[in-house]
Visitor: 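There's a structure below that I have some questions on.
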Amino acid sequence: WVLTRYPFVSAYRDFLASYEGVYSDGMMAELRRRYPKIGRQMQNLYDDGRISTTDPGRFTPEDVKEYVRFQRQRGLKPTSISHDISAIANLCNYVGNSAAVLEARARYPLLFPKRENKRLPVVERPQFEVIKKMSETLTAESDPRRIRAYAEVMLAFGIGPRTEELQHILVDNVSPDMTSVFLDFVKGRGTYGSARTVPIRPECLHAVRIWMEVDSVSSRFLFHTRNGTMLSTMQLTRDRLLVCRETGIDFDFRACRRTYAQYILDEERLSTEELAIILGHSSSKTTETSYARPRNDRVVNKLIESWKESE
């Protein structure tokens, strides 16, 4: 790619091709949007004489510094800048130039934004109860599209899967007694991900049972199209939005995953380390930082009650 007119473009295309099937579909789509944008910005900086090259294999720490300055001058949020820098770092590592970003960070630490790992909200109990009660009104005579939509949502609340994992659940992955689901299509498949069995919250099962009872299409996928093929991300989104409209509760599948995790901790059924295994995290740090941790009021009340019992 160093001999091409646009070395940045050639490099990121080669990089993405090499990681096809390793990154999730969502991550790959995000990178396919992000790299062209960065490439255009790098080309503009080069044309203005602010960086020495557009070849990631020849980027210098000063080139990286100038790119960060450019992004800060544009008023971008720290998280957006961090995502762009991570993408550049991965590309530089791929072409054998890992020093560029590392040295830039070491020389200009105050220039680089600190990433904020703020946990996003969960669906609190009152809102969850609205969704659950609506799902419990379903019968075998209900509209199949509604049954499927509520089954998808309630199973998402019931096992906390990633969206890709929900898409790929097979009928045979559900245990005969419907107490657990085996997730064998995992993030980082073939590299760091590993298959796992996840227990289902019993209160989330009604719509799932109805769906499995009325589903007449022969398909290996639990949730599928009329032709039996796996649902696309867009189809899952449409089903979720149907539930959002009917219940008046706004949520996404990531919120379902966080909610599953937080409820387990609230009920004190598992430790954070045990919960990390259920969620498929390699470290409990990820669980605590981005998904769930014991709530302050519950920890305080638990300690107060323990002191009362010891008096």
Side-chain angles (χ1 to χ4, degrees), residues 119-163 165-183 196-215 222-223 231 236 239-272 274-281 287 291-295 297-298 301-302:
R119 284 188 310 281
L120 295 173
V122 303
V123 177
E124 297 293 349
R125 261 292 168 182
Q127 288 73 40
F128 172 74
E129 287 296 328
V130 171
I131 301 171
K132 181 167 77 78
K133 287 179 180 178
M134 183 66 82
S135 75
E136 290 172 347
T137 65
L138 295 169
T139 67
E141 287 71 41
S142 299
D143 179 3
R145 166 77 191 284
R146 292 185 66 241
I147 297 175
R148 188 186 73 184
Y150 277 94
E152 292 161 7
V153 166
M154 292 309 297
L155 190 61
F157 278 119
I159 63 173
R162 300 176 178 92
T163 304
E165 293 171 342
L166 182 64
Q167 281 178 284
H168 286 81
I169 293 175
L170 306 180
V171 174
D172 291 343
N173 289 151
V174 182
S175 64
D177 59 358
M178 297 192 72
T179 58
S180 64
V181 175
F182 180 60
L183 299 178
R196 66 191 189 281
T197 298
V198 182
I200 308 174
R201 292 187 70 88
E203 63 183 325
C204 296
L205 279 172
H206 176 78
V208 182
R209 286 196 176 104
I210 297 293
W211 170 247
M212 296 184 75
E213 175 186 338
V214 303
D215 182 21
L222 179 60
F223 302 118
L231 290 178
L236 277 176
D239 285 354
R240 174 182 59 79
L241 291 177
L242 182 154
V243 176
C244 290
R245 286 193 301 270
E246 291 194 357
T247 61
I249 309 297
D250 187 24
F251 64 93
D252 59 21
F253 284 118
R254 289 172 296 182
C256 296
R257 181 166 164 79
R258 294 192 301 272
T259 300
Y260 175 77
Q262 189 63 58
Y263 284 9
I264 289 175
L265 285 188
D266 288 348
E267 296 159 357
E268 299 180 4
R269 296 184 185 277
L270 295 177
S271 67
T272 305
E274 292 168 327
L275 177 59
I277 297 172
I278 296 296
L279 292 177
H281 293 155
T287 309
Y291 288 87
R293 65 180 300 181
R295 303 194 202 222
D297 59 338
R298 292 180 180 273
N301 291 335
K302 183 178 180 180

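Scope of the values below: all heavy atoms of this structure, side chains included, with no hydrogens, waters or symmetry mates.
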Visitor: From I147 CD1 over to D239 CG, what is the distance, rounded to the nearest 0.5 angstrom?
Guide: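 CG of D239 is found 12.0 Å from CD1 of I147.
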Visitor: Can you name the nearest heavy-atom pair linking Y260 to G158, along with the distance?
Guide: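 The pair with the smallest heavy-atom distance is CE1-O, 2.9 Å.
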Visitor: Using modelled atom types and a 3.5 Å cut-off, is there a donor and acceptor pairing between side-chain atoms of R148 and backbone atoms of F223?
Guide: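 No, the answer is negative, given that no donor and acceptor are paired below the 3.5 Å cut-off.
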Visitor: Are the side chain of Y263 and the backbone N or O of R125 linked by a donor-acceptor pair below 3.5 Å?
Guide: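 The answer is yes, because a donor-acceptor pair under 3.5 Å joins these two groups.
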Visitor: To the nearest 0.5 angstrom, please state how far the CG atom of L236 sits from the CG atom of L241.
Guide: 11.0 Å
Visitor: Where is the tightest heavy-atom contact between M134 and T137, given as atom of each residue plus distance?
Guide: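 It is O-OG1, 2.6 Å.
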Visitor: Of all the heavy-atom pairs spanning L231 and Q167, show the shortest one and how long it is.
Guide: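 The pair with the smallest heavy-atom distance is O-NE2, 2.9 Å.
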Visitor: For R145 and E246: C-alpha separation, side-chain torsions, deciding distance, then whether salt bridge (Lys or Arg N to Asp or Glu O under 4.0 Å) applies.
Guide: CA-CA 13 Å; R145 166 77 191 284; E246 291 194 357; over 6 Å; no
Visitor: With the side chain counted from C-beta on, respond yes when L222 and L155 share a heavy-atom pair under 4.5 Å apart, and no when they do not.
Guide: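 They are in side-chain contact.
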Visitor: Before giving the answer on salt bridge (Lys or Arg N to Asp or Glu O under 4.0 Å), spell out for K132 and E129 the whole-Å C-alpha distance, their side-chain angles and the decisive distance to 0.1 Å.
Guide: CA-CA 5 Å; K132 181 167 77 78; E129 287 296 328; 3.7 Å; yes
Visitor: Can you tell me how far the CZ atom of F128 sits from the SG atom of C256, to the nearest 0.5 Å?
Guide: 9.0 Å
Visitor: Indicate the ring-plane relationship of F157 and F251, choosing parallel, tilted or perpendicular according to the 30° and 60° boundaries.
Guide: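 Correct class here is tilted.
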Visitor: Measure from the side-chain N and O atoms of H206 to the backbone N and O of L138, and report whether any donor-acceptor pair falls under 3.5 Å.
Guide: yes
Visitor: Can you tell me how far the CZ atom of F182 sits from the CG atom of D172, to the nearest 0.5 Å?
Guide: 12.0 Å
Visitor: What are the two closest heavy atoms between V123 and A255, and how far apart are they?
Guide: CG2-CB, 4.3 Å
Visitor: Where do V208 and A151 come nearest, in terms of heavy atoms and distance?
Guide: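 So the two residues come closest at CG2-O, 3.7 Å.
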Visitor: Taking C-beta and beyond as the side chain, do R162 and R257 meet within less than 4.5 Å on heavy atoms?
Guide: yes
Visitor: Any idea which heavy atoms bring I159 and L183 closest together, and the distance?
Guide: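 Residues I159 and L183, closest heavy atoms: CD1-CD2, 4.3 Å.
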Visitor: How far does CD of E124 sit from CG of D266, to the nearest 0.5 angstrom?
Guide: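 So the gap between those two atoms works out to 8.0 Å.
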Visitor: Mind checking the CG-CG spacing from L270 to L279? Nearest 0.5 Å is all I need.
Guide: 9.5 Å
Visitor: Is the side chain of T247 donor-acceptor paired with the backbone N or O of I131 at a distance under 3.5 Å, no angle test?
Guide: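 Such a contact is absent between T247 side chain and I131 backbone.
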Visitor: Is there a side-chain contact between M154 and R209 in this structure, where contact means two heavy atoms from C-beta onward sitting under 4.5 Å apart?
Guide: no
Visitor: Please confirm whether the backbone N or O of S180 pairs with a side-chain atom of S175, one donor and one acceptor, at under 3.5 Å?
Guide: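 Yes; at least one donor-acceptor contact below 3.5 Å.
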Visitor: Could you tell me whether a side-chain N or O of R240 sits under 3.5 Å from a main-chain N or O of V153, the two making a donor and an acceptor?
Guide: no
Visitor: Report yes if the side chains of P199 and I278 come closer than 4.5 Å at any heavy-atom pair, otherwise no.
Guide: yes
Visitor: Is there side-chain contact between R254 and L120, with heavy atoms separated by less than 4.5 Å?
Guide: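 A side-chain contact is absent here, since even the closest heavy-atom pair is not under 4.5 Å.
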